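Because the structure is a prediction, the values reported are computed rather than measured. Per chain, numbering begins at 1; letters A, B, ... match sequence-line order.
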There are 2 protein chains.
Amino acid sequence: MARKTGSHSQTTGPRVRAAAATLFARHGFAAVSMRQIAAEVGVQAGALYLYTPDKQTLLFDLMQSHLEELLAAWGAEPKGDAPCGRLVAFVRFHIGFHLARPEAVFIAYMELRNLSPENFRAIEALRHRYEDALEGILRAGQADGSFHIPDTRLATMALIAMLTGVTNWYREGGRLARAEVEAIYCDMALKAVGATG
Amino acid sequence: MARKTGSHSQTTGPRVRAAAATLFARHGFAAVSMRQIAAEVGVQAGALYLYTPDKQTLLFDLMQSHLEELLAAWGAEPKGDAPCGRLVAFVRFHIGFHLARPEAVFIAYMELRNLSPENFRAIEALRHRYEDALEGILRAGQADGSFHIPDTRLATMALIAMLTGVTNWYREGGRLARAEVEAIYCDMALKAVGATG
DNA sequence: ACCATAACTGAACGCCTGTTCAGTTCAAGA
DNA sequence: TCTTGAACTGAACAGGCGTTCAGTTATGGT
């Protein structure tokens, strides 16, 4: 037997990525075998190699496309001029974007150590660009007096850690709706950077 | 051949745990083999089973003892009565304790999904007790008017995520000394909970 | 000096790993 | 209708996995 009826590269490729994302997020990259991914897709393990050169690249591609999507989405986000408004936009965007893709977020934060050195550098560079977006806002606010921050780099790291932490405990249908969470985190973020007004 | 000269259970046991901690933190639980741990200790793989019933328990014991140490250390920490002072004490304690044991922290936060269900519950319970310690401070401050927090549970999760994030970027001998980092985070934490004064 | 036993080895168990590849099947283009 | 090649199978590769255990050795107590 070979090739099932009605099969197409165009659907199998994405399904491989989706299955890998789900399994990597749930059990971790190292704990998931190519055969498990293949079974999830409904295919033999060998067929996966039509869609990825190897397991490592499969992981890298998931992380890279997640971070590129993140940067593109933030770039397309409408944001005002004033640092306060931009910070609020960032907080809402970050929480919304991350809560919408818990699997990708989990992988991007947990599987860094499973990347080869060169892949790691590429991912780190993308992540750094995102951090810089927030730091730019904080610096602008510091410069025009809207914020009062002892150290913009530390505040950047602190805020991102705080915001990303939401994905660790938020559950759809829980005590608070997403909009309430966003509002509360906006409040805390603004206070933390000593926003005036 | 068997039993090397000068070998003792009392030294080998801790060395197994130390080697496991280092390797788990660096490569992840699933990616580390018992043979690698044994090699690090300078022993054959079979000898590890004199010190742990299996690999899973080795992980669990590392996490459990880390969290119990954390709770005991916080219990022994001198802390004032006023919520502001207690929050400052918590921030300094948390950062100090975590920066002193980066491996254990990494494992405790990254390897939760590799625990068996019952082991997971036990670890979660310990972690919850620690979170409650912070939430108690925030609630006390909310009650006596020192803090202004929309939601104490969310603020708890936000602060812990923010503080623990330090371990992701802090490097000994970097731009800022540990005390400076602690001071800056105290400032941000107090602001974030709307501390008066 | 001797012995009991704690500490450890080395080989084996069955099973799983990522990856390759010759062979098979189906769908679409001519 | 025939042919071509994309899509996929199934078996194999060499090696690694966690764990067990009979056997060996050094040590502390007598």
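- Proximity of A:Ser33 to the phosphate of C:dT17: a side-chain N or O atom is located under 4.0 Å from OP1 or OP2.
- When distances run from any side-chain atom of A:Met34 to the nucleotides D:dT19, C:dC8, C:dT19, the shortest one goes to C:dT19.
- Contact annotation: B:Tyr49 side-chain N/O to D:dC21 OP1/OP2 distance is not under 4.0 Å.
- In this structure, A:Gln56 reaches neither bases nor backbone, as no heavy-atom distance under 4.0 Å exists between it and the strands shown.
- Within the 4.0 angstrom heavy-atom criterion, no nucleotide atom of any strand lies near A:Val41.
- As a whole-Å value, the separation of B:Lys55 NZ from D:dT20 C1' is 17 Å.
- Between the side chain of B:Arg35 and the base of D:dG16, no donor-acceptor pair under 3.5 Å is found.
- Note on ring orientation: taking the six-membered ring where Trp is involved, the planes of A:Trp74 and A:Phe93 are tilted (angle from 30° to 60°).
- For the pair A:Gln44 and D:dA7, the criterion of a side-chain N or O lying under 4.0 Å from OP1 or OP2 is not met.
- Classification of A:Glu124 and A:Arg121 as a salt-bridged pair fails, no side-chain N sitting under 4.0 Å from a carboxylate O.
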Requested in this report: Show the numbers, then the answer: is there a salt bridge (Lys or Arg N to Asp or Glu O under 4.0 Å) between A:Glu40 and A:Arg15?
Outcome: CA-CA 9 Å; A:Glu40 189 80 6; A:Arg15 288 182 62 213; over 6 Å; no

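- The CD1 atom of A:Ile37 sits 17 Å away from the P atom of C:dC16 (whole-angstrom rounding).
- For B:Thr12, a side-chain nitrogen or oxygen approaches OP1 or OP2 of C:dC8 to under 4.0 Å.
- Place A:Ala47 and A:Val32 on DNA chain C by their nearest nucleotides, and A:Val32 ends up nearer the 5' end.
- Under the 30°/60° scheme for interplanar angles, the aromatic rings of B:His66 and B:Phe97 are found to be tilted.
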